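Reading through the C-alpha cells given below for one structure.
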Amino acid sequence: MSDKVTLEFNGNKYDFPIVEGTEKEQAIDIKTLRSATGLTTIDPGYKNTGSCESAITFLDGEKGILRYRGYSIEELAEKADFLEVAYLLIFGELPNTDQLAKFHADIKKESHVDEEMKKILDGFPKSAHPMGVLSSLTSALIAFNPSSVNVTSENDMYHAIVRILAKFPVLVAWTLRKKKGLPLDYGDDSLGYVENIHKMMFKRPSEDYKSNKIVIDALDKLLILHADHEQNCSTSTVRIVGSSHAGLFASLSAGISALWGPLHGGANQAVLEMLEAIEADGGDTKKYMAKAKDKNDPFRLMGFGHRVYKNFDPRAKIIKVAADEVLNDLGIDDPILDIAKGLEKEALEDPYFVDRKLYPNVDFYSGIIYRALGIPTEMFTVMFALGRLPGWIAQWREMRLNNEPIGRPRQVYVGENHRFFVEVNKR
Ligand code: ACO
C-alpha cells in the first residue's frame with residue numbers, strides 16, 4: 001500500500017503523506033498543500049475533512065461501531081456508570097475505585113453555584129427555550145469563576161473540569177425548575193452523580209425525594225450513549241472556540257448553541273413533536289413517509305439519517321431496547337412508541353430510505369424514554385447536552401494538551417471584484 005499520494009498541478013508533481021490511524025483509517029496529510037502549491041481545498045460541511053487526530057472516540061459509520069477509548073458502547077452502556085464513562089473519556093482510562101471516589105469527591109466540593117446566578121436566570125421569561133438559557137448560564141458562570149479561563153497547566157485544567165461537571169447539572173436542574181415554577185435548589189452529596197441530578201430536577205418542595213432504580217439506570221444509560229461522538233457539529237464548535245484559548249466554559253457554551261439545532265441535538269425534541277403530530281393526525285404513518293420522500297415538501301423524517309452512520313446507529317439499537325424496558329417497568333403504554341416502531345419498520349423496507357442508507361439515529365427513541373421519565377419535550381436537548389458534557393470536555397482537553405493551532409478554515413471567494421464606493425445619493 002502506498003504511503004503517499006501525488007498531486008499533479010500546472011506540470012509539477014507534489015507528494016503528500018498518508019496518515020494512518022490505529023483502526024487503519026487513512027487520510028491525506030495536506031498541511032503543506034497551500035505553501036507548496038498555492039492551492040487550498042473546498043469541502044462544505046467538512047464531509048471529507050479531518051480536523052484533528054484524536055484518541056477519544058472511534059466510530060465506523062459503515063459497520064455501525066462506536067467505541068469510547070477502545071471500549072464498545074454496548075459494553076459501557078451495560079456495565080459502566082456515567083461518571084466512570086466521563087472519567088474514561090476525559091482522562092483516557094477507566095478509573096479504579098480510589099480514582100473514581102476522588103473524582104466524585106472533587107466534583108461534590110464544587111457543587112454550589114453562586115446565588116447571584118439566580119438573578120440571571122430570573123431575567124429570562126418562562127417561555128425561553130431551555131437550550132438558550134443553558135448556554136447563557138454556562139457563559140455567565142465564567143464571571144463567577146474567572147480562573148477557569150487562563151488554564152495553563154493540567155492542574156488548572158483539572159479544576160476547571162471538576163467545577164463544570166459539578167455546576168452544570170445544577171444549571172440544568174434550575175433551567176427545568178424555572179420552567180416548572182419550582183424553587184431553585186441544590187443537590188444532595190450523599191447520592192450518586194446521576195441520582196443527584198435526578199433529585200435536583202424533580203424534588204418537590206413538599207415531598208421527600210424517592211429514588212427509582214429503573215429511572216436512574218435508564219437516565220444513566222441515556223447519558224452514557226450521548227457522552228461523545230467524535231468530531232460532530234457541537235464538538236467541533238467546542239474545539240474551535242477552545243482553540244482561540246477562550247476557556248472551557250465559553251467553549252462549552254458555544255457547543256450548547258451548536259447542539260440546539262434540529263439537525264443536530266435538537267432532533268430529539270423534533271422527533272417527539274413529529275410523533276405527537278402524527279398521532280394527532282390519526283396515526284397515518286404512510287402519509288408522513290410520503291411527505292418525507294417528497295422533494296417538494298420540506299418535511300424530513302426526524303431521527304432518521306446521520307452524517308456518519310450509513311448503517312444502524314448502534315446507540316439507537318440500545319435505546320430501542322431500553323425504551324421497551326423502561327415503559328414496561330414503569331407500566332406506561334405510550335401510543336407514540338407504536339408509531340415510532342411503525343415508522344421504523346416502513347422506512348427500513350422502503351427503497352428511498354434503504355438506497356440512501358437512512359437508519360434510525362440515537363434520537364429516534366431517546367425522546368420516548370425522556371417522556372416516560374417525566375422530562376418535558378423542550379428539555380430533551382438539554383439532557384443531550386448533559387450527556388455530551390464529558391465528551392466536549394475530553395475533546396477540549398485533548399485539543400489544549402496537543403497544543404492545536406487556532407482553527408481558521410480558508411474559503412474560495414466568489415463575490416464582487418474590486419469596485420469603487422458610490423455616495424448614497426448617487427446609488
Ligand atoms: N428524511 C428524509 N430524507 C432524508 C433524511 C430524512 N431524515 N435524511 C436525509 N435524507 C435524504 C436527503 O434528502 C438526501 O436525499 P437526496 O440524495 O435525494 O438529495 C439524502 O438523504 C442525503 O441527505 P443529506 O442531508 O445530504 O445527508 P447529511 O449527511 O448532510 O445529513 C442529517 C445528515 C442532517 C442527520 C440528515 O439525515 C437529517 O436531516 N436527518 C433528520 C434530522 C436528525 O435526525 N438529526 C439528528 C442527527 S443525529 C445527532 O445529531 C445526534
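Given the structure is predicted, the values throughout are model-derived calculations rather than measurements. Start at 1 and go down the list; that is how both ligands and their atoms are numbered.
The shortest contact between atom 3 (N) of ligand 1 and any protein heavy atom is with Tyr352 OH, 2.8 Å. The protein heavy-atom contact nearest to atom 30 (O) of ligand 1 is Arg307 NH2, 3.0 Å. Protein heavy atom at the shortest distance from atom 41 (C) of ligand 1 is Phe304 O, 3.4 Å. If you check which protein heavy atom lies closest to atom 48 (S) of ligand 1, you get His306 CD2, 3.5 Å. Remark: minimum distance from atom 32 (C) of ligand 1 to any protein heavy atom is reached at Arg300 NH1, 4.4 Å. Leu358 CD2, 3.5 Å is the protein heavy atom nearest to atom 9 (C) of ligand 1. The nearest protein atom to atom 42 (C) of ligand 1, hydrogens excluded, is given as Met302 CE, 3.4 Å; this is a heavy-atom distance. In this structure, atom 1 (N) of ligand 1 lies nearest to the protein heavy atom Leu301 N, 3.1 Å.
Counting heavy atoms under 4.0 Å from ligand 1, residue Leu263 touches it through both backbone and side chain. Contacts of Asn232 with ligand 1, taken as heavy-atom pairs under 4.0 Å, are absent altogether. Contacts between Asp313 and ligand 1, counted as non-hydrogen atom pairs separated by less than 4.0 Å, are absent for every part of the residue. The side chain of Lys47, and not its backbone, has at least one atom closer than 4.0 Å to an atom of ligand 1 (non-hydrogen atoms only; side chain from C-beta on). Both the backbone and the side chain of His264 come within 4.0 Å of ligand 1, counting heavy atoms alone. Only the side chain of Lys295 comes within contact range of ligand 1, with a heavy atom under 4.0 Å; no backbone atom does.
For the side-chain hydrogen bond (donor to acceptor under 3.5 Å, both in side chains) criterion with Tyr209, the lone passing option out of His198, Lys203, Arg204 is His198. Tested against Ile73, the residues Thr57, Ile224, Val85 include a single side chain to side chain contact (heavy atoms under 4.5 Å, CB included) partner, Ile224.
Atoms of ligand 1 found under 4.0 Å from any heavy atom of Phe384, numbered from 1 in the order shown, are 51 (C). Of all atoms in ligand 1, numbered sequentially from 1 with element shown, those under 4.0 Å from a heavy atom of Ala292 are 2 (C). Interface atoms of ligand 1 facing Ala267, defined by a heavy-atom separation under 4.0 Å, are 43 (C), 44 (O), 45 (N), 46 (C). Those atoms of ligand 1 with a heavy atom of Arg356 less than 4.0 angstrom away are 11 (C), 15 (O), 16 (P), 17 (O), 18 (O), 20 (C), 21 (O). Listed by number with element, the atoms of ligand 1 under 4.0 angstrom from any heavy atom of Gly303 are 43 (C), 44 (O).
Contact record, Pro262 with Met302: O-CE, 3.3 Å, taken as the closest heavy-atom pair. The nearest pair of heavy atoms linking Glu276 to Arg371 is OE2-NH1, 2.9 Å.
In this structure, atom 50 (O) of ligand 1 has a protein heavy-atom contact shorter than 4.0 Å. Less than 4.0 angstrom separates atom 36 (C) of ligand 1 from at least one non-hydrogen atom of the protein.
A donor-acceptor contact closer than 3.5 angstrom is absent between the side chains of Thr235 and Gln395. Checked by atom type, the side-chain pair Ser147/Arg163 shows a donor-acceptor distance below 3.5 Å.
The aromatic ring centroids of Phe299 and Tyr288 lie less than 6.0 Å from each other. Taking the centre of each ring, Phe304 and Phe364 come in below the 6.0 Å mark. The six-membered or imidazole ring of Tyr309 lies near that of His229, with a centre-to-centre distance under 6.0 Å. Residues Trp174 and Tyr186 bring their aromatic ring centres within 6.0 Å.
By the 6.0 Å contact criterion, NZ on Lys317 is open, its count of non-hydrogen atoms from other residues, nucleotides or ligands being 12 or less.
One finds the CG atom of Leu222 at 10.5 Å from the CD1 atom of Ile318 (value rounded to the nearest 0.5 Å).
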Please assess Tyr46 against Gln231 for the test side chain to side chain donor-acceptor pair (under 3.5 Å), listing each intermediate value before the final yes or no. CA-CA 10 Å; Tyr46 311 123; Gln231 306 311 316; over 6 Å; no
